[in-house]
Amino acid sequence: MVLQLFKKNRMWDKRPLKDRYQVVIIGGGVHGVSTAYYLTKLGIKDIAVLDKGYLGGGASARTTAIIRANYITAEGIPFFSESLKLYEGLATELNFNLLFNQMGRLDLGHTDAAVYGLRMRAGFNRLLGVDSRMVGPKEVKDLVPPIDLREGRPFPILGALYHPPCGVVRHDAVVWGFARGANNGGVELHPFTEVTGIDRTNGRVSGVETSRGFVQADTVLSATAGWSSTIAAMVDLELPLTTHPLEVMVTEPLKPFLHKTISSANLHAYVYQTDRGEVVIGGGVDPYQSYSQHSSLRPIEELAAHTLEMFPCMGQVKVLRQWSGLCDMSPDYAPIMGTVQGLDGFVLSCGWGSWGFKAAPAAGKSIAHLISTGETPDLIKPFALSRFHTGRLVNERAAAPAAAIH
Ligand SMILES: Cc1cc2nc3c(=O)[nH]c(=O)nc-3n(C[C@H](O)[C@H](O)[C@H](O)COP(=O)(O)OP(=O)(O)OC[C@H]3O[C@@H](n4cnc5c(N)ncnc54)[C@H](O)[C@@H]3O)c2cc1C
């Protein structure tokens, strides 16, 4: 009886791996399962999502899950704004509590140049319908009472870009919600199934070699983030991506004292407090390339030092744990989405760097549309791989977690 109940309540079914699917998605992170979910909405159900580990165990398990739309470019703002809108309705759409807390965010400006950049961002954001405005030091203090304005010291807070709809979401709930929705729509989810090769016939992909045998497919989507280059190498494609670890940490739980997400590009740190009271602290990616997901002391020391510059009141707070994940960094801080010239049936969703969690609904929906119709939606056209040949780069300098335009 207990076993029966457990089986009935599983979030997704365990099914045998078939030898053919219409669509194979490599990678069961947030982008893989989101695309699978939106494909089912468009009537495509013969899909397998293959992951070499457990579902959502890559960067999607390690993300700090900040969702925002205050980007800087004419390409990035509409795309991330659409994704934020989809997040606002996602819990209802998936019938799953995602604990999406739209607490608002402040990007601090400590120099005249930084304030100039933030002002530009506020202007572009408002022009394109994103709620974002400049606030002075007094309003910063009103919004975040424990912050040290650093008056008379290096890097005083001269102003901030305030983005009220920015939120934080429960990351694994997003993956599980999409995965359950995809499963209910007929998608097969196959964790612990590694793709080891991709077969091609006459200039198009014909299937994937896996640790469980060969699987034929009309379309193969690579949604493998930090591992994207290894998948691309299977079709002799070199992507303009480098993989870097990003290290973050949380403190012991504290009484609620911080009700906004705070980011400082000059201090290379971003900070917010979770509903559990832990303070999440992150910054930029490690400067070296690696596939290692180990944590190290130096980034944590630096994050702690930089956080104390903003919040000296946290001097006695203990770090509870630290972790790292892989980021597939593109040279223009923008994603790569779409087909690959000369290789029919192969689709990319990568270049998600340290900013891709927030993009999953808009990217998944757009790529599902591309796969089902063969037409690339206008929203993602600027993010084609071909931009690295035409030179029309996006230069999305507001993408990184502690982003800056100087
Ligand atoms: C520490 C950290 C903090 C971050 N903070 C934010 C943030 O605040 N906001 C934000 O928007 N983004 C953030 N990001 C970025 C965001 O988490 C990622 O961009 C996003 O999760 C990528 O999702 P994905 O599905 O593309 O990749 P992943 O979640 O990495 O999934 C890829 C999957 O592919 C699988 N795979 C790889 N190779 C193979 C193979 N050969 N065969 C089968 N499966 C394979 C992996 O096992 C993995 O599960 C952060 C990232 C990190 C690491």
Side-chain angles (χ1 to χ4, degrees), residues 24-36 48-69 71 80 83-84 87 105 166-169 171-172 174-175 178-179 190-198 208-212 215 220-234 243-250 261 263 270 272 280-286 291 293 295 299 303 322-330 335-337 348-364 367 399-403:
V24 161
I25 297 177
I26 313 173
V30 72
H31 282 276
V33 291
S34 156
T35 309
V49 176
L50 312 180
D51 199 291
K52 65 178 178 176
Y54 61 91
L55 287 190
S60 301
R62 297 145 195 275
T63 182
T64 46
I66 296 173
I67 312 298
R68 63 184 173 89
Y71 278 63
F80 287 101
S83 215
L84 175 57
Y87 262 113
R105 167 177 168 118
C166 169
V168 173
V169 73
H171 57 87
D172 39 25
V174 177
V175 173
F178 272 131
H190 292 287
F192 305 106
T193 308
E194 180 166 6
V195 171
T196 53
I198 298 178
V208 293
E209 311 280 352
T210 82
S211 51
R212 295 167 62 196
V215 177
V220 174
L221 167 68
S222 172
T224 46
W227 297 270
S228 297
S229 299
T230 64
I231 300 294
M234 294 175 188
T243 293
H244 295 252
L246 173 56
E247 303 194 34
V248 295
M249 65 185 190
V250 289
T261 295
S263 174
Y270 63 94
Y272 68 84
V280 176
I281 303 172
V285 293
D286 285 344
Y291 287 99
Q293 297 185 83
S295 305
L303 285 176
Q322 64 178 117
W323 68 92
S324 91
L326 300 183
C327 296
D328 45 332
M329 304 297 287
S330 60
I336 299 173
M337 285 179 274
L348 290 168
S349 173
C350 58
W352 292 118
S354 54
W355 50 81
F357 202 85
K358 66 178 75 61
I367 291 168

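As the structure lists them, so they are numbered: ligands from 1, and atoms in each ligand from 1. Atoms considered below: every heavy atom in the structure, side chains included; atoms not considered: hydrogens, waters and symmetry mates.
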Close-contact set for ligand 1 against [X] heavy atoms, below 4.0 Å:
X      : answer
Trp227 : 30 (O), 37 (C), 38 (N), 46 (C), 48 (C)
Ile26  : 42 (N), 43 (C)
Ile231 : 40 (C), 41 (N)
Lys358 : 9 (N), 10 (C), 11 (O)
Gly27  : 33 (C), 34 (O), 35 (C)

Ligand 1 contact by [X], heavy-atom criterion under 4.0 angstrom:
X      : answer
Gly226 : no
Gly282 : no
Gly353 : yes

Work out which heavy atom in [X] is nearest to a heavy atom in [Y]; give both atom names and the distance.
X      : Y      : value
Thr193 : Leu50  : O-CB, 3.8 Å
Ser34  : Ala360 : OG-O, 2.8 Å
Gly356 : His31  : O-NE2, 2.9 Å
Leu303 : Val248 : CD1-CA, 4.4 Å
Ala223 : Ile25  : CB-CG2, 4.5 Å
Arg62  : Ser324 : NH1-O, 2.8 Å

Per-residue contact class, [X] against ligand 1 - non-hydrogen pairs under 4.0 Å:
X      : answer
Ala223 : backbone
Leu50  : backbone
Ser354 : backbone
Ala61  : neither

Pick, from [options], the option with the minimum heavy-atom distance to [atom].
atom                    : options                       : result
atom 46 (C) of ligand 1 : Asp51, Asp328, Val195, Thr230 : Asp51
atom 50 (C) of ligand 1 : Ile198, Ile25, Thr63          : Thr63
atom 7 (C) of ligand 1  : Val169, Leu55, Ile66          : Ile66
atom 45 (C) of ligand 1 : Lys52, His31, Met249          : Lys52

Can you tell if the side chain of [X] reaches within under 4.5 Å of the side chain of [Y], non-hydrogen atoms only?
X      : Y     : value
Lys358 : Leu84 : no
His171 : Val30 : no
Tyr87  : Arg68 : no

Tell me whether [X] contacts the main-chain N or O of [Y] through its side chain, where contact means a donor paired with an acceptor under 3.5 Å.
X      : Y      : answer
Asp328 : Trp352 : yes
Ser83  : Ala362 : yes
Tyr272 : Thr64  : yes

Using distance alone, decide if ligand 1 has a nitrogen or oxygen within less than 3.5 Å of any nitrogen or oxygen in [X].
X      : value
Thr64  : yes
Trp355 : yes
Val30  : yes
Gly356 : yes
Gly325 : no
Ala65  : yes
Trp323 : no
Trp352 : yes
Arg62  : no
Thr193 : no

Practice prompt. Quick one: list whatever passes ring pair (Phe, Tyr, Trp, His ring centres under 6.0 Å) with Phe80, sequence neighbours left out.
Written response: Tyr71
Discussion item. Can you tell me which residue among Thr63, Ile66, Ile67 is in a side-chain contact (heavy atoms from CB on, under 4.5 Å) with Val169?
Written reply: Ile67
Quick one: side chains of residues 224-232, donor-acceptor pairs under 3.5 Å with protein atoms, not counting sequence neighbours, listed by atom name and distance.
unit_1 : atom_1 : unit_2 : atom_2 : d
Thr224 : OG1    : Ser222 : OG     : 2.9
Ser228 : OG     : Ala225 : N      : 3.2
Ser228 : OG     : Ala225 : O      : 2.6
Thr230 : OG1    : Trp227 : O      : 2.6

